[in-house]
Amino acid sequence: MPAEISEPAQGAAAPPDALSRIVGPDVDEFSQRHWGRAPLLVRGADPDAFRDVLDLDGVDELLSRRGLRTPFLRLAREGAVVDSSWFTGPGGVGAEIGDQVHDDKVAALFGEGTTVVLQALHRCWSGVIDFTTTLAEELGHPVQANAYVTPPTSHGFSAHYDVHDVFVLQLAGGKHWTVHAPVHGDPLRDQPWNDHASAVADRAREDAEIDTVLQPGDAMYLPRGWLHAATALSDVSAHLTVGVHVITRFALVEALTARCAQDPELRASLPLGIDVADPEQLAPHLDAVRTALAAALQDVSAEDAARHVRGKVWSGGRPEPIRPVAGAAFADGLAVGDAVRRRTGLHHRLLEGHDHVVLELPDRQISLPAATSAPLRALLTGGTLRVGDLPEADEADQLVLVRRLLREGVLVPASMT
């Protein structure tokens with residue numbers, strides 16, 4: 001049976017890391033027993049545990065004052081998505097767009113029992129941005145976040161599975177969840193639940209692995225492929241679903257295939273007039289490809305595979321936001337004693353040569369003198385450091401290096417939140 005734990009109330013200590021806020025303090029236990037394997041239900045001791053991430057006041061602000069457009073909002077009723085023309089329209093003078101969310105239309109539909117889905121909140125709501133940026137760095141996998149706000153006693157989406165892992169954070173109200181074992185374990189991105197709709201419907205009629213009510217402060221982890229459905233109780237219910245776009249072993253298969261494309265034997269054309277639907281005609285060429293592929297695979301290095309796979313992670317999210325105006329002023333006035341830190345969630349790799357070092361970033365490379373290696377490595381650890389305290393560099397050189405990295409968006413002021 002899926003595990004369930006209860007979280008002790010938090011004292012006045014420093015806030016925990018993002019993952020431990022969801023799964024509890026024993027992250028190693030979660031990693032070994034649950035990650036990618038089995039659900040976990042965590043009962044929270046504090047109903048306001050996730051209020052800093054998002055609450056119902058934040059939902060109302062997003063719907064009424066943030067000028068949302070599709071696809072940042074979708075509505076669902078009785079398991080079906082509502083056409084966006086029902087709740088969007090022109091933005092008015094100075095905002096000549098045709099798909100801005102109209103709060104009055106959303107209010108009417110919500111009052112009739114329609115579920116509100118706020119999508120990609122990891123891009124447009126500060127509390128969710130901060131939480132998911134930290135979580136993605138801890139997990140090593142890209143994340144997204146959607147909020148589901150359901151009227152009393154309403155049912156949003158029917159039983160289905162996701163092709164990514166999910167963390168469910170209950171924000172407000174109660175929601176009844178049923179969770180069933182997979183009908184297609186560890187689905188890939190191109191293996192959605194509707195490919196197995198009949199099996200999903202049959203499994204949903206069986207006894208559930210989890211049949212429970214989540215209350216504010218509760219959390220749940222579901223590996224990809226686990227079936228789930230939720231229904232609100234007597235109050236408005238809201239939960240945040242954090243989707244983890246896990247990097248799978250199949251990504252390594254894709255990396256190997258991509259590198260094998262460098263082999264001319266594997267790029268060769270099949271014969272003129274071949275009937276590829278005829279197994280007998282195809283068989284000898286398939287055997288030749290197997291032989292060439294086996295040989296080509298031996299030449300693919302871990303470095304080559306890593307460069308291919310990292311693109312899925314490095315392009316899958318953005319690091320924490322920076323403040324262009326305040327950041328520029330901080331860099332201009334930088335002085336010895338000022339504290340800085342690496343930008344949370346910034347993917348990077350440092351390559352050290354004889355006369356220079358190269359800092360690889362998702363969109364560019366920064367080449368610096370070899371003498372910057374030690375202070376640069378210290379700055380990239382993620383901790384807070386003060387100008388003047390960096391190793392193996394005098395204060396003048398530290399100022400030059402830190403100011404450059406601030407302007408490149410690698411570092412931020414330590415006080416920035």
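Hydrogens, waters and symmetry mates are skipped; everything else that's a heavy atom, side chains included, is used.
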Keeping the roles fixed (side chain from Arg74, backbone from Val117), state whether a donor-acceptor pair exists under 3.5 Å. no
If you define the side chain from C-beta out and look only at heavy atoms, does anything of Leu368 sit under 4.5 Å from Arg404? yes
Short question: side chain of Thr381, backbone of Arg377 - any donor-acceptor pair under 3.5 Å? no
Looking at every heavy atom in both Pro39 and Ile210, which two are closest together, and how far apart are they? CB-CD1, 3.9 Å
Mind checking whether Trp177 and His239 have parallel, tilted or perpendicular rings, split at 30° and 60°? perpendicular
What verdict does the side chain to side chain contact (heavy atoms under 4.5 Å, CB included) test give for Gln398 and Leu385, after you've listed the backbone C-alpha separation in whole Å, the side-chain angles of each residue and the deciding distance to 0.1 Å? CA-CA 11 Å; Gln398 291 182 44; Leu385 291 169; over 6 Å; no
Is it the case that over 12 heavy atoms from other parts of the model lie below 6.0 angstrom from the CD atom of Glu265? no
So, Gln170 side chain and Asp218 main chain: donor-acceptor pair closer than 3.5 Å or not? no
Going by heavy atoms in the side chains, are Val179 and Met220 under 4.5 Å from each other? yes
Counting only heavy atoms not in Arg403 (residues, nucleotides, ligands), do more than 12 fall under 6.0 Å from its CZ? yes
Short side-chain to backbone donor-acceptor contact, Glu392 and Ala374, under 3.5 Å: no
In terms of heavy-atom contacts, does CZ of Arg310 have more than 12 from other residues, nucleotides or ligands at under 6.0 Å? yes
Atom pair CG (Asp389) and CD (Glu395), whose distance is rounded to the nearest 0.5 Å: 9.0 Å
Any salt bridge linking Arg33 with Glu29? Criterion: basic side-chain nitrogen under 4.0 Å from a carboxylate oxygen. yes
What verdict does the side chain to side chain contact (heavy atoms under 4.5 Å, CB included) test give for Leu379 and Val410, after you've listed the backbone C-alpha separation in whole Å, the side-chain angles of each residue and the deciding distance to 0.1 Å? CA-CA 9 Å; Leu379 290 164; Val410 175; over 6 Å; no
Hey, is Asp304 close enough to Arg307 for a salt bridge, meaning N to O under 4.0 Å? no
Any side-chain heavy-atom pair of Ile22 and Phe131 under 4.5 Å: yes
Whether Asn194 side chain and Ala197 backbone form a donor-acceptor pair below 3.5 Å: no
Is any side-chain N of the basic residue among Arg21 and Glu138 closer than 4.0 Å to the acidic one's carboxylate O? no
Counting distance only, does the side-chain N/O of Thr372 pair as donor-acceptor with the main-chain N or O of Pro369 below 3.5 Å? yes
His184 and His196 aromatic ring geometry - parallel, tilted or perpendicular at 30°/60° bounds: parallel
Does any N or O in the side chain of Arg267 come within less than 3.5 Å of the main-chain N or O of Gln262, such that one atom is a donor and the other an acceptor? yes
Between Pro182 and Leu227, what is the shortest heavy-atom contact and its length? CA-CD1, 4.2 Å
Report the residue from Val236, Leu233, Asp235 that forms a side chain to side chain contact (heavy atoms under 4.5 Å, CB included) with Pro152. Val236
Determine whether more than 12 heavy atoms belonging to other residues, nucleotides or ligands lie under 6.0 Å from atom CG of Asp207. no
Could you pull out the closest heavy-atom pair between Ala208 and Thr178, with the gap in Å? CB-CB, 4.3 Å
What is the distance from atom CG of Asp52 to atom CG of Leu54, rounded to the nearest 0.5 Å? 10.0 Å
Does the Arg66 side chain pair with the main chain of Glu61, one donor and one acceptor, at a distance under 3.5 Å? no
Strictly distance-based, threshold 3.5 Å: is any side-chain N or O of Asp17 a donor or acceptor partner for the main-chain N or O of Leu19? no
Worked verdict on Phe87 versus Val116 for side chain to side chain contact (heavy atoms under 4.5 Å, CB included): CA-CA 11 Å; Phe87 57 88; Val116 169; over 6 Å; no
Do NZ/NE/NH1/NH2 and the carboxylate oxygens of Arg249 and Asp186 come within less than 4.0 Å? no
Indicate yes or no for a side-chain donor-acceptor contact from Arg343 to the backbone of Glu320 under 3.5 Å, with no hydrogens or angles considered. yes
Do Leu380 and Leu346 come close enough that some side-chain heavy atom pair is under 4.5 Å? no
Measure up the His347 and Trp314 rings against each other and bin them: parallel (under 30°), tilted (30 to 60°), perpendicular (over 60°). parallel
Looking only at non-hydrogen atoms, find the nearest pair between Ala159 and Trp193 and report the distance. O-CZ3, 4.1 Å
What I'd like to find out is whether the side chain of Leu171 reaches to under 4.5 Å of the side chain of Val59, using heavy atoms alone. no
What's the spacing between His285 NE2 and Ser269 OG if we round to 0.5 Å? 11.5 Å
Quick one: sort the His245 and His164 rings into parallel, tilted or perpendicular, breaks at 30° and 60°. parallel
Pairwise side-chain contact, Leu240 with Phe50, heavy-atom cut-off 4.5 Å (strictly under): no
Minimum heavy-atom separation for Ala296 and Asp263, please, with both atom names. CB-OD2, 3.6 Å
Give me the atom names and distance for the closest heavy-atom approach of Ile322 to Pro324. O-CD, 3.2 Å
Could you tell me if the side chain of Glu360 sits less than 4.5 Å from the side chain of His348, heavy atoms only? no
Are any of the side-chain heavy atoms of Leu390 and Val402 separated by less than 4.5 Å? yes
Working for side chain to side chain contact (heavy atoms under 4.5 Å, CB included), residues Asn146 and Gln119: CA-CA 4 Å; Asn146 297 342; Gln119 301 194 132; 3.7 Å; yes
